[in-house]
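Note that the structure is a prediction, hence the values are computed from the model and not measured. For this chain, numbers begin at 1 and follow the sequence in order.
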Amino acid sequence: MSSPAASAHALHAAIAPAETLVDERRTLYRLAVRLFAPGTQLSDNLLDHPIVRYEIGRALAGKGDLDPELLHRVAAMRVRDAGLPVAADPQAADLIEAPLRIIAPPGASPLPLTDADGERFEAALEIVAGGIQLLRRLVPETADDLLAHVSMLAVLKKETSGGVVSASSRYVPGIVLIDEPVTPMEVAEALVHEGAHEKFFDLAITREFLDAHAEDVDFFETSWSHARWPLEQTFAAWHAYSCLAQFSESCGDEPLGPFSLLPQARERADEIGRWLISHEDDLRLDARWLLGALTGQQTGAGHTDPGRGSAIRRNRRFRVLPDVRFERSVSGRSVVGRMAQPTAIYWLDADAGWVLALLGDGRTTSFDLVLATAAQDWGVESCSAAQRLTVALDSLEAASIIESTP
């Protein structure tokens with residue numbers, strides 16, 4: 001398979017810089033809090049907390065109510081700074097029960113090292129700090145790109161981990177769990193591996209990667225273990241192996257851990273990549289683009305003219321539906337939710353988000369009234385603004401976010 005034209009961190013940034021992606025993820029969670037706990041305000045730090053995100057995700061999936069008191073209680077868990085926040089609270093096993101349970105191998109009950117473990121925890125913390133420093137020295141741009149999506153690290157007691165080397169879960173995004181490390185290199189590799197997964201989790205909820213169709217398509221079977229993976233897990237694994245393969249090129253003579261995946265990373269990334277290319281029709285636009293860019297293979301990803309087929313209707317009058325709630329990110333993109341079960345979430349581009357923000361008070365207005373403001377705010381001629389406005393309104397109407405009125 002051909003080599004990619006650019007490093008993973010540059011390709012990620014072409015979709016969205018890390019700081020933009022993190023802001024958009026916070027915007028989505030902020031909207032969810034608004035839907036399920038009106039009047040509750042959460043800081044960015046709270047919105048980044050893995051257990052807070054887990055509880056918000058459960059609410060979005062219709063699996064329970066959102067308890068603001070619980071969110072503040074779990075976010076009070078004590079951490080130590082090793083270059084990343086490391087779970088240190090003696091009660092951590094209870095507070096991060098969800099990710100410990102989700103990643104546990106059969107028959108195992110992983111437990112985190114904490115301040116209660118004294119010198120053993122201090123020794124692990126020193127190795128973790130060394131691993132983060134090593135990663136930043138070897139691949140500073142990759143470290144900035146991936147670690148922006150890691151909010152917390154937990155170190156597992158080796159005798160309880162059941163052989164887990166490193167793990168993360170899309171159900172509890174933001175936390176990386178690693179087995180008690182022996183060398184800094186083990187930590188650096190684990191953070192590339194799991195940091196790539198955390199990056200993918202944020203891409204998947206804010207950009208065009210996968211949709212509900214992904215749950216019904218073919219499974220991929222690995223040649224090395226004959227495990228069978230659904231499409232989302234397959235794409236996440238390919239993405240992680242691709243990042244590991246590029247990381248391995250910068251490791252020089254650094255000694256690898258006994259369970260390192262770096263020697264197999266390129267071969268496995270290529271195997272999975274070939275399968276994904278043959279199934280690219282099951283991926284959405286941004287996923288296909290990243291697949292093609294990282295594999296060096298041409299895919300069907302391409303940009304279409306969003307204005308094609310949209311007829312300008314200047315006599316339009318419209319309003320935002322009363323059950324719509326939305327939040328606008330720094331990038332200008334907006335995320336929209338409906339006050340209904342199950343909750344429907346939509347991402348809007350900057351133009352549609354601008355229109356929604358303008359109409360947010362629920363009043364009925366006309367195309368021509370909005371057009372004058374659009375031309376001024378967008379700094380374009382009226383005819384260009386009219387075309388963009390028409391596309392935005394069509395997309396909002398198709399998603400049942402606005403409705404036409406007499």
J.: Check side-chain hydrogen bond (donor to acceptor under 3.5 Å, both in side chains) between Glu267 and all other residues, then give those that pass, not counting sequence neighbours.
T.: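 Per chain and number, Glu267 pairs via side-chain hydrogen bond (donor to acceptor under 3.5 Å, both in side chains) with no residue.
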
J.: Salt bridge (charged side-chain N to carboxylate O under 4.0 Å, His left out): which pairs involve residues 7-23, sequence neighbours left out?
T.: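 Every candidate salt bridge (charged side-chain N to carboxylate O under 4.0 Å, His left out) pair involving residues 7-23 fails, so no pair, neighbours aside, qualifies.
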
J.: Thinking salt bridges, do Arg53 and Glu198 make one under a 4.0 Å N-O criterion?
T.: no

J.: Say you draw a straight line from CG of Leu285 to CD1 of Ile15; how long is it, rounded to the nearest 0.5 Å?
T.: 9.0 Å

J.: Run Phe235 and Phe209 through ring pair (Phe, Tyr, Trp, His ring centres under 6.0 Å) and show every step you take.
T.: CA-CA 10 Å; Phe235 195 95; Phe209 270 70; 5.8 Å; yes

J.: Dump the intermediate steps for side-chain contact (heavy atoms from CB on, under 4.5 Å) on Leu291 and Ile277, then the final yes or no.
T.: CA-CA 7 Å; Leu291 174 65; Ile277 288 172; 3.8 Å; yes

J.: Would you give the length of the straight line joining atom OG of Ser278 to atom CG of Asp218, rounded to the nearest 0.5 angstrom?
T.: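 One finds 8.5 Å between OG of Ser278 and CG of Asp218.
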
J.: Salt bridge check: are Arg316 and Glu397 linked by an N-O gap of less than 4.0 Å?
T.: yes

J.: Would you say the side-chain atoms of Glu327 and Ser334 include a donor-acceptor pair closer than 3.5 Å?
T.: no

J.: Can a donor-acceptor pair be found, under 3.5 Å and without considering hydrogens, that links the side chain of Thr160 to the backbone of Leu111?
T.: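 Yes; judged by distance alone, with no hydrogens or angles, the pair exists.
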
J.: Which side-chain hydrogen bond (donor to acceptor under 3.5 Å, both in side chains) pairs, counting each pair once, include a residue from residues 66-76, with sequence neighbours left out?
T.: none

J.: Report the distance from atom CG of Leu356 to atom CG of Leu348, rounding to the nearest 0.5 Å.
T.: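 The distance works out to 6.0 Å.
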
J.: Which pairs, with at least one residue in residues 333-345 and sequence neighbours excluded, count as a salt bridge (charged side-chain N to carboxylate O under 4.0 Å, His left out)?
T.: Glu24-Arg333, Asp323-Arg338

J.: Heavy atoms, side chains only, cut-off 4.5 Å: are Leu393 and Ile402 in contact?
T.: yes

J.: For a 4.5 angstrom cut-off between non-hydrogen side-chain atoms, does Arg30 reach Asp44?
T.: yes

J.: If you count the non-hydrogen atoms of other residues, nucleotides and ligands that lie under 6.0 Å from CG in Asp65, is the total more than 12?
T.: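 No, CG of Asp65 has 12 or fewer neighbouring heavy atoms, counting only those of other groups under 6.0 Å.
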
J.: List the residues meeting side-chain contact (heavy atoms from CB on, under 4.5 Å) with Ser109, not counting sequence neighbours, and say none if there are none.
T.: none

J.: With sequence neighbours excluded, what pairs up with Trp347 under the ring-ring contact (aromatic ring centres under 6.0 Å, His included) test?
T.: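 Here no residue qualifies.
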
J.: One pair to check against side-chain contact (heavy atoms from CB on, under 4.5 Å): Tyr346 and Val335. What are the steps and the verdict?
T.: CA-CA 6 Å; Tyr346 307 89; Val335 61; over 6 Å; no

J.: Spell out, as yes or no, whether a donor-acceptor pair under 3.5 Å connects the side chain of Thr222 to the backbone of Ala227.
T.: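 Yes, the answer is positive, given that a donor and an acceptor are paired below the 3.5 Å cut-off.
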
J.: Mind listing the closest non-hydrogen atom pair of Val155 and Val86 along with its distance?
T.: CG2-CG1, 4.4 Å

J.: Take a 6.0 Å sphere around CD of Glu403 and say whether it holds more than 12 heavy atoms from other residues, nucleotides or ligands.
T.: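 Yes, the 6.0 Å shell around CD holds more than 12 heavy atoms from other groups.
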
J.: Tell me the side-chain hydrogen bond (donor to acceptor under 3.5 Å, both in side chains) pairs involving residues 122-134, sequence neighbours left out?
T.: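 Qualifying pairs, neighbours excluded: Arg80-Glu122.
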
J.: Looking at Gly257, is its backbone amide N or carbonyl O close enough to the side chain of Ser260 to form a donor-acceptor pair, meaning the two atoms are under 3.5 Å apart?
T.: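 Not at all, since once roles are kept as given, no pair shorter than 3.5 Å links the two residues.
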
J.: Can a side-chain donor-acceptor contact be found between Thr142 and Gln246 if the only test is distance below 3.5 angstrom?
T.: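 The answer is no; no qualifying pair exists.
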
J.: In the structure I gave you, are the side-chain heavy atoms of Leu359 and Arg319 within less than 4.5 Å of one another anywhere?
T.: no

J.: Mark yes or no for whether Ser384, through its side chain, and Glu381, through its backbone, hold a donor-acceptor pair below 3.5 Å.
T.: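 Answer holds: no.
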
J.: With side-chain contact (heavy atoms from CB on, under 4.5 Å) as the criterion, how do Leu276 and Leu231 come out once you've worked through the C-alpha distance, each side chain's angles and the decisive distance to 0.1 Å?
T.: CA-CA 9 Å; Leu276 284 171; Leu231 182 60; 3.8 Å; yes

J.: How long is the straight-line distance from CD1 of Ile175 back to CD1 of Ile51, given to the nearest 0.5 Å?
T.: 6.0 Å

J.: Can you name the nearest heavy-atom pair linking Leu396 to Ala352, along with the distance?
T.: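 Scanning both residues completely, I find the closest heavy atoms to be CD1-O, 4.0 Å.
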
J.: Mind telling me whether Phe220 and Trp224 have parallel, tilted or perpendicular rings, with 30° and 60° as the class edges?
T.: tilted

J.: Could Asp202 and Arg207 be called an ion pair, given the rule that one side-chain N must be under 4.0 Å from one carboxylate O?
T.: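 Looking at Arg207 together with Asp202, the answer is no, because their closest N to O distance does not fall below 4.0 Å.
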
J.: So, Ser161 and Asp179: side-chain donor and acceptor under 3.5 Å apart, yes or no?
T.: yes

J.: Could you tell me which residues satisfy side-chain hydrogen bond (donor to acceptor under 3.5 Å, both in side chains) with Arg325, sequence neighbours excluded, listed by chain and number?
T.: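 By the side-chain hydrogen bond (donor to acceptor under 3.5 Å, both in side chains) rule, Arg325 matches no residue at all.
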
J.: What side-chain hydrogen bond (donor to acceptor under 3.5 Å, both in side chains) pairs are there with at least one residue in residues 348-357, not counting sequence neighbours?
T.: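 Every pair satisfying side-chain hydrogen bond (donor to acceptor under 3.5 Å, both in side chains) with a residue in residues 348-357: Asp351-Arg388, Trp354-Asp377.
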
J.: Quick one about Trp238 and Ser242 (side-chain donor to acceptor, distance below 3.5 Å, no hydrogens or angles considered), yes or no?
T.: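 A donor-acceptor contact under 3.5 Å links the two side chains.
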
J.: Does a side-chain heavy-atom distance below 4.5 Å link Leu283 with His279?
T.: no

J.: What's the separation between atom CG in Leu135 and atom CD in Glu189, rounded to the nearest 0.5 Å?
T.: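 Taking CG in Leu135 and CD in Glu189, the distance rounds to 11.0 Å.
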
J.: Can you give me the closest heavy-atom contact between Leu60 and Ile345, atom names plus distance?
T.: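 Where Leu60 meets Ile345 most closely, the heavy atoms are CD2-CD1, 4.2 Å.
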
J.: Please determine whether the number of non-hydrogen atoms from other residues, nucleotides or ligands lying under 6.0 Å from atom CD of Gln41 exceeds 12.
T.: no

J.: Is there a side-chain contact (heavy atoms from CB on, under 4.5 Å) between Asp48 and Arg26 once you walk through the steps?
T.: CA-CA 7 Å; Asp48 289 344; Arg26 290 170 178 162; 2.7 Å; yes

J.: Where do Arg137 and Glu254 land on the salt bridge (Lys or Arg N to Asp or Glu O under 4.0 Å) test, with the steps shown first?
T.: CA-CA 12 Å; Arg137 177 172 63 81; Glu254 292 288 340; 3.3 Å; yes

J.: Considering all heavy atoms of both residues, which atom of Gly174 and which atom of Pro50 are nearest to each other, and what is their separation?
T.: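 Closest approach of Gly174 to Pro50, heavy atoms only: C-CG, 3.8 Å.
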
J.: So which heavy atom on Thr114 is nearest to which on Ala88, and how close?
T.: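 Scanning both residues, the minimum pair turns out to be CB-O, 3.2 Å.
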
J.: Search all heavy atoms of Ala214 against all heavy atoms of Val217 and return the closest pair with its distance.
T.: O-CG2, 3.5 Å

J.: Which pairs count as salt bridge (charged side-chain N to carboxylate O under 4.0 Å, His left out) when at least one residue sits in residues 90-104, sequence neighbours excluded?
T.: Glu97-Arg101

J.: Output yes when Glu232 and Arg170 qualify as a salt bridge under the 4.0 Å nitrogen-oxygen rule, no when they do not.
T.: yes

J.: Is it true that Ser166 and Glu194 share a donor-acceptor pair across their side chains at a distance under 3.5 Å?
T.: yes

J.: Taking the inter-plane angle between the rings of His239 and Phe200 on a 0 to 90° scale, is it parallel (under 30°), tilted (30 to 60°) or perpendicular (over 60°)?
T.: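 Rings of His239 and Phe200: tilted, as their planes differ by 30° to 60°.
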
J.: What residues form a side-chain hydrogen bond (donor to acceptor under 3.5 Å, both in side chains) with Ser223, not counting sequence neighbours?
T.: Glu271

J.: Return the set of residues passing side-chain contact (heavy atoms from CB on, under 4.5 Å) with Gln233 (not counting sequence neighbours), or none when no residue passes.
T.: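 Partners of Gln233 by the side-chain contact (heavy atoms from CB on, under 4.5 Å) criterion, ordered by chain and then number, come out as Trp229, Pro230.
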
